[in-house]
Participant: 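Got a structure for you, questions after.
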Amino acid sequence: MPAGTFVDGGRRFDIVVRYDSLARRSAASMATLAVPTMMGSTVPLGQVATLEERIGPNQIQHDRARRRITVGFNVRGRDVQSIVTDVRQAMATSLQLPEGYSTHIGGQFENLDAARSRLALAVPVALLLIIVLLYATVKSLADTALIFSAIPLAAIGGVAALAIRGMPFSISAGVGFIALFGVAVLNGIVLVASFQGLRTGGAHNLLGVVLRGTSQRLRPVAMTALVASLGFLPMALSQGDGAEVQRPLATVVIGGLISSTMLTLLILPIMYLRVHGRSRARKLPMSSLASLLVLGIVLLAAAPLQSHVQQRTEDSAVAEALRLHPTLLAAQAAVRQAEAMEKATFDPGRTTVMVTTGQINSAAIDNNISIQQTLALPPVWLAEASLARARTHEAATAERAAMVGIATRVRQMYRRVVALLVMDSLYASHDSLVASTLAIARRRLSEGDASAVDVGLLEAESTSLRVQRHSHRSARLQAEASLAALTGSSDVVMDTTGWQGPLQEDSSALSVWDEQRAATAAVTNAQVEAERSQWWPLVTVGWFTQTLLGPQSGIGTERWNGPSDRFSGVTVGLHVPLWFPAQSGRLKRAEAESQAAQAIAVQKHRMSADLWRGHRNRLAALRNGIQEIRLILLPTTEAMVSRSRTAWVEGNIGIAEVQQALTRHLQARLDGIRASLEYTLLTLETSMIGDL
């Protein structure tokens, strides 16, 4: 019981008197203790209090100077967070605590809460460090964003794997996500670095770069994912001690690597095409998720087959050339410039605002504020608008003409390269034929049935053929270099099937050139009309407000004007071109330019028509020659080769006749290819005769 207070400096402590152990050994002995009353007498404690013995805690714990009662339990089959949520709901609805009591949930949940707070800081820091290191590696914000996109793709698989296995998110799962992000970013770096390396090496076809880079890095990316996944597989299947920590981490890594690898190989190449091919990106068939997945599947399916080369058709070569050809890009820029100028046709000019102060009307200091605007009359606006429309139409026709010109040049060079490739195969087959004949001659020489002269003639023929092949190869390499310069890509396999199919004369191309000349003439005529419109005067309209300080007399009245009294008015004026020689000279110059442009257009049209007729006559002659070669000359020389070889083997003729037959047959086949190529190139040239 309290017996006093002990003071130690500024601190006070209660003095408590305890009974000895005999008096506190039982409730009955405690009931006999004497308690003083206010009257000075004593009574037993049992008369004023009820004493009972009950079972209580064997240890009284304190936390922050408050007694603490601990209720502990283990969690099995559920996560700690959901258990704590249920406990809090039950306590809020069912537990009524006395005043002064409070609850606090600790243990593993408290550790989880602290770890979650640290993880909330660690994950953003890790992601920020990944971005910084990525930018330091690739030196491009666009490529950094592309590679960083592998992180959400990886997170999809990690979350899905946890959901499939029925696992909640835990701290170990969060650590697994951090490890997963590193591997996913590594795969993205491998792919983008492959694309950049191919482009640095001279490849300009963006689609070819993506196809080749994806095929080259398919195995490294897949191997990285497999090694990490197989390494974490025992942890994902563990059932022993520590499995509750290992399983979520391994599950996240394995599931994330599966989705990251698949989606990175599908989505990242397509996003690279979109980012680095912005000028033509809208023309790619990627407007929906379905088309994205289809193209990605095509990339993966074609990867093993496209290790070094890709098949190119004539139309694909034209498409590659039109994608980023400098001439076409310049023409498109000119169209955009003309369209922008057309929108800026109506330009009233700057508005003049003037403020005048001083002794304007009297000795008093007045002020005058005026606003003026000079406007052209409607005929001037209409003439300028007509000129802008004519220039836009001229730029559009120039763009179409540029497309026709580029496509025609690419088709011509493509046909030339393919023809040279066909001639390569022809030389190879003829070389094989000469080699087999030479082998027979050498065998017969060893048997005494042929002379050394026969063998020498065939060896000379073989040597001459090799010289021709070397010269032909040089011409083919030069043509391939020219085609690569036009299309911006190289190292492709040409499609040689159907290369010599007949082409019809395309008069639509000629109409494009005629349309371009007509558009140029329309521009010169519009310039003449625009110069004529300059004879119209300009109109100036204005408004002013001013003060007239001092007395002012009116009709029978007189008043005093102060600073707040203002007087307004309107001004109208004309700007008349009185200096006739200058404007007249500009008009005559525009008329002369228009007449010259019309004369040049007429002359070009006449030259185009004459050249057109000449080409048609030449094409008719070539068609007849090709028919004679195919139907008469080639069958005849082929039969000559067969008969001469048979007769030579039988000993009826000499080797000179065989050599002559072989040479004639080779020349006939070469003549047929050259005639077909000339016919094809001339047909394409017919569409270009307007470009004189």
Side-chain angles (χ1 to χ4, degrees), residues 142 199-200 202-209 273-284 312 314-345 384-414 416 479 481-490 506 508-527 530 593-594 596-597 600-601 604-605 607-608 684-692:
R199 297 182 69 184
T200 305
H204 301 290
N205 180 14
L206 196 59
L207 181 59
V209 166
L273 282 173
R274 297 284 290 180
V275 171
H276 291 275
R278 291 184 297 271
S279 61
R280 294 288 180 179
R282 63 173 59 93
K283 295 188 177 180
L284 293 175
R312 177 198 283 173
E314 183 176 335
D315 292 336
S316 66
V318 172
E320 290 173 9
L322 292 178
R323 244 173 50 85
L324 294 174
H325 198 280
T327 302
L328 186 57
L329 293 179
Q332 292 170 348
V335 172
R336 293 193 297 269
Q337 180 182 5
E339 291 175 348
M341 293 302 298
E342 184 178 352
K343 295 179 181 179
T345 300
E384 294 291 340
S386 178
L387 177 59
R389 286 194 299 270
R391 286 174 173 166
T392 302
H393 180 63
E394 181 187 27
T397 55
E399 179 188 7
R400 290 195 294 271
M403 293 179 64
V404 171
I406 294 170
T408 301
R409 288 191 291 272
V410 172
R411 292 185 187 278
Q412 286 179 320
M413 191 55 62
Y414 184 92
R416 184 181 297 277
S482 300
L483 180 61
L486 285 173
T487 59
S489 62
S490 58
D506 187 7
S508 62
L510 180 61
S511 65
V512 170
W513 301 112
D514 287 339
E515 184 181 358
Q516 186 183 17
R517 287 193 288 267
T520 302
V523 169
T524 58
N525 293 334
Q527 287 176 341
E593 290 177 352
S594 177
I600 293 174
K604 284 189 174 182
H605 184 74
M607 296 174 64
S608 299
L684 294 170
E685 184 68 25
T686 305
S687 64
M688 292 287 292
I689 61 176
D691 191 17
L692 299 176

Participant: Run the side-chain hydrogen bond (donor to acceptor under 3.5 Å, both in side chains) test against R411 and tell me which residues pass, sequence neighbours left out.
Facilitator: E314, D315

Participant: Could you grab the distance from atom OG1 of T327 to atom CD1 of I406, nearest 0.5 Å is fine?
Facilitator: 5.0 Å

Participant: For residues R391 and Q527, determine if any side-chain heavy atom of one lies less than 4.5 Å from a side-chain heavy atom of the other.
Facilitator: yes

Participant: E399 and A331: which non-hydrogen atoms are nearest, and at how many Å?
Facilitator: CA-CB, 3.8 Å

Participant: Got a sec, which residues hit side-chain hydrogen bond (donor to acceptor under 3.5 Å, both in side chains) with S594, two or more places apart in sequence or on another chain?
Facilitator: N525

Participant: Could you tell me whether the side chain of T392 and the main chain of A338 form a donor-acceptor pair under 3.5 Å?
Facilitator: yes

Participant: More than 12 heavy atoms of other residues, nucleotides or ligands under 6.0 Å from CD of Q337: yes or no?
Facilitator: no

Participant: Of all the heavy-atom pairs spanning A519 and T397, show the shortest one and how long it is.
Facilitator: CB-OG1, 3.6 Å

Participant: Just by distance, no angles: are the side chains of T520 and E394 close enough, under 3.5 Å, to form a donor-acceptor pair?
Facilitator: yes

Participant: How close do A530 and E384 get, counting heavy atoms only, and between which atoms?
Facilitator: CB-OE2, 4.2 Å

Participant: Roughly how far, to the nearest 0.5 Å, is the CE atom of M413 from the CZ atom of R409?
Facilitator: 10.5 Å

Participant: Once side-chain contact (heavy atoms from CB on, under 4.5 Å) is applied, do any residues pair with A388, and if so which ones, sequence neighbours excluded?
Facilitator: E342, T345

Participant: Restricting to non-hydrogen atoms, name the atom on A402 and the atom on L328 that form the minimum distance, rounded to 0.1 Å.
Facilitator: CB-CD1, 4.4 Å

